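Okay, structure first, notes after.
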Amino acid sequence: MSGPSTYAPNSGFTRWMDARLPVLRLMHDTVITFPTPRNLNIWYTFGGILTFCLGVQLVTGITLAMHYTPHTEMAFNSVEHIMRDVNYGWLLRYVHANGGSMFFLAVYIHMFRGLYYGSYKEPREMIWILGVMLYILMMATAFLGYTLPWGQMSFWAATVITSLFGAIPFIGEGIMNWLWGGFGVDNPTLQRFFSLHYLLPFVISGVVILHIWALHVPGNNNPLGIDVKGPQDTLPFHPYYTVKDLFYLSLFVILFALFVFYAPNYLGHTINYIEANPLVTPPHIVPEWYFLPFYAILRAIPDKLMGVVALFGSLLTLFFVPWLDRSKVRSARFRPTYKILFWVFVADCFVLGYAGSQPVDGTIAGGAISLLWVARLATAYYFIHFWVLMPFTHRWETPRPIPDSIAKPVLSGAS
Amino acid sequence: MTVAQSQTADSSRRDFLYIATSAAGAVGATMAAWPLVAQMNPAANVLALASIEVDISTIEPGQLITVTWRGKPTFIRRLTADEVAAADAVSLDDLLDDNARNGNLDDNAEATGTNRLAAAGDGATEWLVVVGVCTHLGCIPAFDQGNYGGWLCACHGSEYDSVGRVRVGPAPDNLTVPPFEFLSDTRVRIG
């Protein structure tokens with residue numbers, strides 16, 4: 001997408017086309033000759049996997065929309081109609097529902113990869129920022145889509161999440177009525193959620209193009225976190241990385257298929273197979289697994305407004321990461337202290353996820369420890385990691401010696 | 001007149017034209033966007049929801065019924081004499097929210113037991129009418145749970161007492177008492 005082009009059209013048609021709409025040149029430079037660091041590992045294949053996930057969600061979503069009815073009286077039954085009557089409807093719905101989980105699994109690995117190898121650092125700040133925007137758009141899309149089957153969990157998830165805006169002083173209630181189109185989640189809400197759930201994936205597609213564009217200006221970071229010094233450090237994207245991406249995509253699709261065909265409801269909640277009832281809240285409502293850490297942060301704070309501020313703050317914090325990390329060394333391979341902090345942070349996210357999955361008055365260790373306090377400590381650590389540890393770690397950390405070039409350790413067999 | 005001269009002579013006039021055009025464009029775009037935003041507000045049929053009338057003749061002291069008002073569950077409960085006395089005995093200092101949140105009273109009314117309840121005709125002040133929506137994030141609290149003789153919201157753990165006052169957070173406010181009036185000893189109109 002940027003840099004000098006080596007494309008040479010070799011037929012009459014491609015020469016004619018190249019002078020009018022150089023789209024073949026764009027494709028050639030982007031996915032064929034693009035110089036890519038030669039040492040990218042498995043964790044760098046998730047960009048391709050995520051593109052695949054977006055495509056799967058678009059295709060299955062558009063086909064599901066041909067059979068779904070966004071109306072409170074008919075939505076639940078139309079989903080059962082898809083499951084029982086529509087040809088391969090069960091397959092489309094299970095792929096779409098599990099596809100959401102697989103999409104988040106891939107995006108979390110992709111994000112932790114970026115945090116580990118310092119991929120957000122200068123000159124790649126815009127790639128990271130666009131990535132955080134994509135992540136938030138994904139969360140919005142997943143939330144809107146989860147409402148559509150109009151089961152009990154759908155309805156109460158929609159109620160709780162839209163009620164977050166009620167915490168805003170003075171205008172909160174007005175915003176809620178505007179979001180709902182009424183005095184609670186009802187048919188106007190369902191219809192607009194369907195409209196927006198159909199829209200946002202196309203917004204995501206647009207931002208993905210910007211994300212890849214921003215990536216192709218400085219080029220890929222790599223596990224060593226050092227700059228490409230010359231042609232000896234890179235390989236053309238095709239065939240080296242097209243094949244590598246395809247190989248790991250195949251493994252990913254196997255995992256995907258295991259869920260779709262052998263455990264299609266494992267990641268869901270059985271209570272969502274009960275039609276929405278605005279008069280009864282289920283005793284234990286929880287979001288899908290990919291929102292659990294943020295749900296734990298929301299519940300950890302005993303004040304309504306501050307809980308909501310903490311929830312949104314935990315997401316907005318990610319935008320500042322390129323400037324919070326002050327170390328000049330990118331890769332955690334050469335940062336002994338940051339490497340430990342990274343893994344503690346990963347563990348912290350799992351602790352938050354577990355706390356978010358349990359009832360609000362849950363305990364661990366035989367009732368000795370209140371999960372609420374575990375969630376509070378883990379929430380505090382989440383913010384401390386970004387706002388205290390990240391900006392100051394480099395002051396007492398001695399980085400390990402950094403290789404001279406990408407080619408040297410690769411060719412000598414050392415990492 | 002040279003090119004340089006003409007640019008100097010016209011520049012202030014051009015600046016004015018740029019600003020005027022941009023301002024007109026911005027105002028026009030805002031006006032065009034307004035209907036697209038406002039269409040999401042509650043529609044006329046939603047706003048036109050009528051009030052409801054409920055027969056309360058069969059409710060004994062201690063009983064609770066749930067009715068639907070504006071699409072939301074609304075609790076109507078007749079308290080026992082002991083519960084009324086206990087609710088009155090609670091000091092305002094022990095409450096998280098000392099405002100009555102009662103649509104039939106002054107905005108500054110205190111959350112005493114009496115201010116949360118109402119009397120039907122000449123009967124005792126023993127009727128509680130509240131919107132059954134947790135003031136935290138909108139779940140429906142369950143009755144006869146929690147430690148305050150009232151409701152527990154399972155979503156995030158808020159607890160309310162026998163007259164719907166919040167006693168344990170994260171909910172910030174007492175359950176809302178909607179505008180209502182007793183049409184007779186046995187009928188109440190909500191809304």
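Below, each value reflects all heavy atoms present in this structure, side chains not excepted, and no hydrogens, waters or symmetry copies. Computed from a prediction, not measured in an experiment: that's the story for all the values here. Naming convention: chains lettered A, B, ... in sequence-line order (proteins, then strands); numbering from 1 in each chain.
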| When heavy-atom pairs shorter than 4.5 Å are enumerated against chain B, which of A:Pro282, A:Gly182, A:Pro359 gives the highest number? | A:Gly182
| Pick from B:Gly157, B:Ala171, B:Pro172, B:Cys155: which one has the most heavy-atom pairs with chain A under 4.5 Å? | B:Cys155
| remark: For B:Arg116, the salt bridge (Lys or Arg N to Asp or Glu O under 4.0 Å) test, sequence neighbours excluded, returns none
| Got a sec, which pairs hit salt bridge (charged side-chain N to carboxylate O under 4.0 Å, His left out) with one end in residues 182-191 of chain B, sequence neighbours left out? | B:Glu53-B:Arg187, B:Glu181-B:Arg189
| request: Count the heavy atoms of every other residue, nucleotide or ligand shown that sit under 6.0 Å from CZ of A:Phe350, and state whether that count exceeds 12. | output: no
| message | Would you say that A:Ile301 contacts B:Pro170 through its side chain, given a criterion of any heavy-atom pair below 4.5 Å between the two side chains? | response | no
| Is it the side chain or the backbone of A:Ile285 that comes within 4.5 Å of chain B heavy atoms, both, or neither? | side chain
| task | Write down the atom of A:Pro278, the atom of B:Pro73, and the distance for their closest heavy-atom approach. | result | O-CD, 4.0 Å
| All side chain to side chain contact (heavy atoms under 4.5 Å, CB included) counterparts of B:Ser22, not counting sequence neighbours | none
| query | At a heavy-atom separation under 4.5 Å, does A:Leu298 approach chain B through its side chain, its backbone, both, or neither? | reply | side chain
| query | In terms of heavy-atom proximity below 4.5 Å to chain A, should B:Val168 be classed as side chain, backbone, both, or neither? | reply | neither
| query | If you count the non-hydrogen atoms of other residues, nucleotides and ligands that lie under 6.0 Å from CE in A:Met306, is the total more than 12? | reply | no
Across chain B and chain A, what donor-acceptor pairs are shorter than 3.5 angstrom?
{"unit_1": "B:Val37", "atom_1": "O", "unit_2": "A:Trp178", "atom_2": "NE1", "d": "2.7"}
{"unit_1": "B:Met40", "atom_1": "O", "unit_2": "A:Arg192", "atom_2": "NH1", "d": "2.8"}
{"unit_1": "B:Met40", "atom_1": "O", "unit_2": "A:Arg192", "atom_2": "NH2", "d": "3.0"}
{"unit_1": "B:Lys72", "atom_1": "NZ", "unit_2": "A:Phe183", "atom_2": "O", "d": "3.1"}
{"unit_1": "B:Thr135", "atom_1": "O", "unit_2": "A:Lys304", "atom_2": "NZ", "d": "2.8"}
{"unit_1": "B:His136", "atom_1": "O", "unit_2": "A:Lys304", "atom_2": "NZ", "d": "2.9"}
{"unit_1": "B:Leu137", "atom_1": "O", "unit_2": "A:Ser163", "atom_2": "OG", "d": "3.1"}
{"unit_1": "B:Ile140", "atom_1": "N", "unit_2": "A:Thr281", "atom_2": "OG1", "d": "2.6"}
{"unit_1": "B:His156", "atom_1": "NE2", "unit_2": "A:Tyr295", "atom_2": "OH", "d": "3.2"}

